[in-house]
Amino acid sequence: MVTADALHTQHAHGAYLRMRGAHYLAIVKKNHPGLYGRIRTLPWREITLEHYDRTRAHHRDEIRRLKTVAFRHIDYPGARQALQTVRWRRELSTGKLTVERVYLITSLPPGAANGAQLAAWIRGHWGIENLLHYVRDRTYREDDSKVRTGQLPRTMASLRNLAISVHRQNGEKNIAAALRRTARDYRRPLAALGLTDKTGQDSICNDRGSKIG
């Protein structure tokens with residue numbers, strides 16, 4: 001099972017995954033207006049609720065509702081079902097309520113996975129979105145980048161992923177704060193990568209195991 005955001009909801013990607021025997025669960029947004037319009041205008045109010053979940057964490061209440069509907073034909077390779085997930089989020093400190101509706105498609109046939117499993121995959125994908133893509137968008141301002149030529153955007157995204165992963169492996173939870181802290185001392189990123197110890201000494205060893213530097 002491969003989960004994907006709307007950027008990767010491309011016909012070629014769906015066809016490739018099905019050709020390789022993989023299933024997908026892909027988000028559909030307005031960048032695919034025809035597919036989005038067809039799924040959004042389904043009679044969701046009349047469709048039976050598939051899964052319901054309520055949690056309280058991070059100073060907020062969340063309610064998630066999931067509905068699924070089978071299709072005879074969707075204009076997307078191998079698509080068998082459409083999904084709607086609705087999230088209610090209420091901030092306990094302010095009482096502010098937000099409601100978000102997200103639409104998805106999957107190649108899984110009806111009955112291949114229950115509502116709880118589908119919801120777990122969707123939440124897992126959002127977990128990655130929050131820990132990685134959100135940081136790239138907000139902290140690194142990736143959408144404002146002027147690097148758009150050839151393979152450079154993918155290269156820069158890989159370097160950002162590497163930096164975020166290194167900080168998280170070092171126990172950092174606030175990446176913006178970690179970036180400010182490492183920027184104040186050039187030795188800190190080198191130590192995080194294991195190239196030096198915390199004092200700035202070279203940690204690379206020679207063949208005899210003695211430290212060089």
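Between R89 and E91, the closest heavy-atom pair is CD-OE2, 4.0 Å. For the pair R54 and D61, the tightest heavy-atom approach, listed with the atom from each and the gap, is NH2-OD2, 4.2 Å. Listed here is the closest heavy atom pair of P77 and A15: CB-N, 3.7 Å.
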Please tabulate, for side-chain N and O atoms in residues 104-118, each donor-acceptor pair with protein atoms closer than 3.5 Å (sequence neighbours left out).
residue, atom, partner, partner atom, Å
T106, OG1, Y24, O, 2.8
T106, OG1, L108, N, 3.2
S107, OG, H23, ND1, 2.8
S107, OG, Y24, N, 3.1
N114, OD1, A116, N, 3.2
N114, OD1, Q117, N, 2.8

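Atom CD of Q84 and atom CZ of R45 lie 10.0 Å apart (nearest 0.5 Å). To the nearest 0.5 angstrom, E62 atom CD is 8.0 Å from T98 atom OG1. Considering CD1 of I122 and CD1 of I27, their distance stands at 8.0 Å, rounded to 0.5 Å. Between R40 atom CZ and R101 atom CZ the span is 10.5 Å, to the nearest 0.5 Å. From T182, atom OG1 reaches atom CZ of R187 across 13.5 Å, with rounding to the nearest 0.5 Å.
H51 contributes no side-chain N or O that, together with a main-chain N or O of R65, makes up a donor-acceptor pair within less than 3.5 Å. The main-chain N or O of H8 is found under 3.5 Å from a side-chain atom of H13 such that the two form a donor-acceptor pair. The main-chain N or O of A22 is found under 3.5 Å from a side-chain atom of R18 such that the two form a donor-acceptor pair.
A continuous path of ILVMFWY side-chain contacts below 4.5 Å connects V86 to I63, so both sit in one hydrophobic cluster. No single ILVMFWY cluster, assembled from side-chain heavy atoms under 4.5 Å apart, contains both V102 and W44. Cluster annotation: F71 and V28 are assigned to the same hydrophobic cluster (Ile/Leu/Val/Met/Phe/Trp/Tyr, side-chain heavy-atom contacts under 4.5 Å, transitive). Placement of V99 and I39 in two distinct hydrophobic clusters is found when ILVMFWY residues are connected by side-chain heavy-atom separations under 4.5 Å, directly or transitively. Tracing side-chain contacts under 4.5 Å through hydrophobic residues (I, L, V, M, F, W, Y), one reaches I74 starting from V69; they form part of the same cluster.
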Going through the distances and angles, do R123 and R64 end up as a side chain to side chain contact (heavy atoms under 4.5 Å, CB included)? CA-CA 10 Å; R123 288 193 67 185; R64 305 175 190 85; 3.3 Å; yes
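Heavy-atom neighbours of Y52 OH from other residues, nucleotides or ligands within 6.0 Å: above the threshold of 12.
Residues Y103 and L83 form no side-chain contact, since every pair of their non-hydrogen atoms from C-beta on lies 4.5 Å or further apart. Side-chain atoms of K29 and T9, non-hydrogen and from C-beta on, never get closer than 4.5 Å to each other. Counting only heavy atoms from C-beta outward, the side chains of M1 and W121 approach each other to under 4.5 Å.
The pair E50-K67 fails the salt-bridge criterion, with no side-chain N (NZ, NE, NH1 or NH2) lying under 4.0 Å from an Asp/Glu carboxylate O. Salt-bridge check for R87 with E100: passed, with a basic side-chain N closer than 4.0 Å to an acidic carboxylate O.
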